[in-house]
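Beneath this line is the structure, given in structure tokens, with notes to follow.
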Amino acid sequence: MNTDTDHESSTELDALLRMGVQAALASPDFKQAFETFLAEMSRQVPGFAARLPPGAERSIGLALFREIWNHTPRPEQGWKRLSLPKPERNAPCPCGSGKKYKQCCAPREGISPFPSDGFTVLSYVLETVPVADYGNVPFRQLDPEEVAHVASEWQNDGRIEPAALLLEALLAPGNKLDSRHEPAFDTLCGLYLDDGRAEARLALVERVMQCQGKPLRAAAWQRRATLHADSGEYVQAWEVFKEAQRLDPDNPSLAHLELVLLANQDRYDEARTRAAFWARRLVKLGYGDEPIVALMEDVARDPEVLRAMLAEHGEDWDAEATPEDLDALERLIGNLPAPSCQYRLSPQDGGAGPLQALPELDAVEQDWDDIYWGDAEERNSWSDARWLVWLGGHPLAWQSFAVIEDLIGILEDSLFPEDADDRLDGMEDRLYDHAIALLRKVLADNRAKGLTLAWGWRENRPALRLLMQKIDMARYTPEELPLLEWLVLTLNPDDNGCQRERLVHACCEAGHPADALAVCDRYPGDDMAGILYGRVLALYLLGRRSDAVAALAHAAKRLPKVLKTLVAARPKMPPLTPGMVTHGGDDEAWRYRVASLETWAKCEALDWLKQTAGSKP
């Protein structure tokens, strides 16, 4: 578990990297960008700045910022980096002091709180790119393993959809793939598994099975063998395994896969023999110090080791939920305590800062994490309802956004009785309403009402994700618009959840076109379909017909397929890749029609749109 010092250091590092990337992207001039970074460092991470030795702010700041600058890919430069050469010792110091480098900042060269291995700022750069534009990123300029690392971090943060969209763009059909893409492939398969998208996972695996890169193709064949085995198709699983072995016979992961396939058929005597074979072979191949060899040797001595390993990692800890568990959970959720503020915020410069749990709640959350993310023995305890007993004995847990988010995830996994959907939906509604009321209470008690709750602070993400999920449930209800306005206009104006398009159309439907137009104006240069065509709709509803016609001409020039699909009587649905949108493509046009046609019709603007579009040459 992290100490308060560890937590503070992690938060400061995150803030340093984010503001450094923002400064670097804001100007191609290093000196100007550095001055911005230096000013923001004392404002955004005052604790870090205060701990710097007196008079060393510029020299240490320069060492930090040069590292960030040299690692920042620039979207406006084709995602290339503007790396700075190491300063000459007798050259003027880049910090702007006027002194020679050797007399100024050279002694502090190499000082950095950033990781020495695998240092990346790509995640912060991608935060500045609309999710819909991921398909336009020139991935040939980026390291695919670095992209996979970013997606994996987002997955750990619960940002499943943007992580999947990023990797779908990286691994899109037609892109040249090689062994460096294997981490991305594995991560995307995991994302699909987390999101319950079995068909998308199978389609990805079967597509990558045909790619040119042999190591990556072999990894896909191994994955396909596992999917066959999971479905009880053991004949097919062994056929696919043999092809994976032919493609990459020295891959140590084949040893693990073969033993798992044997164990799935209770062929433990054969597993012992094969484990002995693999142990000898892997040692000859140079893997003697790897854990896989130790595992093979253990199984060769006692195949029960394999049985225990599969029981530990394969048993689904909440698969034993019973009707009695459901009744108990329903009673707990039906008697939720009133929201109480158990978080501290640090309002400053229009921002609320991070949601920091007070010590008592922090201890409860750590206790919950031990149960929810604990080892196999603890996970298995869920089957005897210890988790419900724990919740009943820890009422403070209901004041935690993280715990509420985990519980909703359990309800959505729906491993309860099949006829319980209505009851589960009711419990979800109560938890969402409680989370929203709790967020309002926390902001009010910390005098942070009306301030931003930045997505950049990891501590804020459970609360923001809960709000976004509540908005999804509130579609076409009176709750939708005020929640959208609160999220996009107040809490998260950077719109990390990509909700602004929905807000524009909800404003139009509610008879507030001026508000819709104001939302469009908040994002100048945004060429997402919902903003371009939402502006047209807002101007039409305001009676500004000539402006609406001009806006339509601009939108049609930028995204002509959207207009063509929107006004068509019976357009044919194009091929759609789950979670993937091609900017300017047929799929984007179709998705906009599905999401917004009803809004255009309700606003009685569709006939005008068709007539105006038809009058164009």
Side-chain angles (χ1 to χ4, degrees), residues 155 157-161 164 190-201 315-339 364-365 368-369 371-374 378-440 461-480 483 487 497 578-579:
Q155 180 184 24
D157 289 339
R159 300 176 63 189
I160 302 299
E161 182 176 3
L191 286 164
Y192 285 153
L193 181 64
D194 289 348
D195 210 24
R197 295 167 59 185
E199 292 183 3
R201 182 168 54 137
E315 182 171 350
D316 200 344
W317 55 265
D318 55 359
E320 299 298 325
T322 66
E324 290 73 24
D325 294 334
L326 179 63
D327 292 340
L329 184 57
E330 191 170 35
R331 285 194 296 270
L332 285 171
I333 294 176
N335 294 283
L336 290 175
V364 167
E365 288 183 335
W368 169 260
D369 283 346
I371 293 174
Y372 190 73
W373 300 106
E378 290 172 316
R379 286 200 300 274
N380 291 342
S381 70
W382 285 69
S383 64
D384 62 12
R386 277 183 54 198
W387 64 286
L388 290 172
V389 175
W390 185 93
L391 281 173
H394 293 81
L396 204 62
W398 302 104
Q399 311 299 342
S400 164
F401 296 111
V403 173
I404 295 170
E405 184 180 30
D406 287 340
L407 286 171
I408 288 176
I410 292 170
L411 294 175
E412 290 178 343
D413 284 341
S414 197
L415 293 171
F416 292 95
E418 293 183 0
D419 59 355
D421 285 350
D422 290 342
R423 296 172 66 188
L424 293 169
D425 289 344
M427 285 188 278
E428 278 191 39
D429 288 341
R430 282 191 59 83
L431 286 175
Y432 279 125
D433 290 343
H434 177 71
I436 301 307
L438 176 61
L439 180 56
R440 295 188 188 280
R461 294 178 185 179
L464 289 171
R465 283 193 295 261
L466 286 167
L467 177 55
M468 293 175 193
Q469 292 161 14
K470 171 63 177 176
I471 289 171
D472 286 340
M473 295 181 65
R475 192 72 182 256
Y476 303 124
T477 71
E479 288 184 290
E480 179 186 19
L483 289 176
L487 173 65

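For the single chain, residues carry numbers from 1 onward in sequence order.
A distance of 5.0 Å separates CG in Leu487 from CG in Leu467, rounded to the nearest 0.5 Å. The CG atom of Asp433 lies 6.5 Å from the CG atom of Asp429; values are rounded to the nearest 0.5 Å. Remark: Ile471 CD1 to Met473 CE distance equals 12.5 Å, nearest 0.5 Å. Here Ile410 contributes atom CD1 and Glu405 contributes atom CD; the two are 11.5 Å apart, rounded to the nearest 0.5 Å. If you take NE2 on His394 and CD on Glu365, they are separated by 12.5 Å, rounding to the nearest 0.5 Å. To the nearest 0.5 Å, atoms CG (Leu411) and CG (Leu326) are separated by 8.5 Å.
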> Under the side chain to side chain contact (heavy atoms under 4.5 Å, CB included) criterion, do Arg440 and Ile436 qualify, and how do the steps go?
Replying inline: CA-CA 6 Å; Arg440 295 188 188 280; Ile436 301 307; 3.9 Å; yes

> Met427 and Leu407: side chain to side chain contact (heavy atoms under 4.5 Å, CB included), yes or no, with the steps?
Replying inline: CA-CA 10 Å; Met427 285 188 278; Leu407 286 171; over 6 Å; no

>> Let's go through Leu466 and Leu439 carefully: what are the C-alpha distance in whole Å and the side-chain angles of both, what is the deciding distance for side chain to side chain contact (heavy atoms under 4.5 Å, CB included) to 0.1 Å, and is it a yes or a no?
In response: CA-CA 10 Å; Leu466 286 167; Leu439 180 56; over 6 Å; no

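Among all heavy-atom pairs drawn from Glu480 and Ala474, the shortest one is CB-O, 3.3 Å. Residues Pro395 and Pro337 share a closest heavy-atom pair of O-CG, 4.0 Å. When all heavy atoms are compared, the tightest approach of Ile404 to Leu431 is CG2-O, 4.0 Å. When all heavy atoms of Ala397 and Leu391 are compared, the pair lying nearest together is CB-CD2, 4.3 Å. Nearest heavy atoms, Trp390 versus Val364: CZ2-O, 3.7 Å.
Judged by distance alone, with hydrogens and angles left aside, the side-chain atoms of His434 form a donor-acceptor pair with the main-chain N or O of Trp398 at under 3.5 Å. Using a distance-only test at 3.5 Å, with no hydrogens or angles considered, a donor-acceptor pair links the side chain of Gln399 to the main chain of Ala338.
With contacts defined as side-chain heavy-atom distances shorter than 4.5 Å, the pair Gln469/Glu428 does not qualify. For the pair Lys470/Glu479, a side-chain contact is recorded, criterion being any heavy-atom separation below 4.5 Å from C-beta on.
Arg423 has a carboxylate O that lies under 4.0 Å from a charged side-chain N of Asp327, or vice versa, which qualifies the two as a salt bridge.
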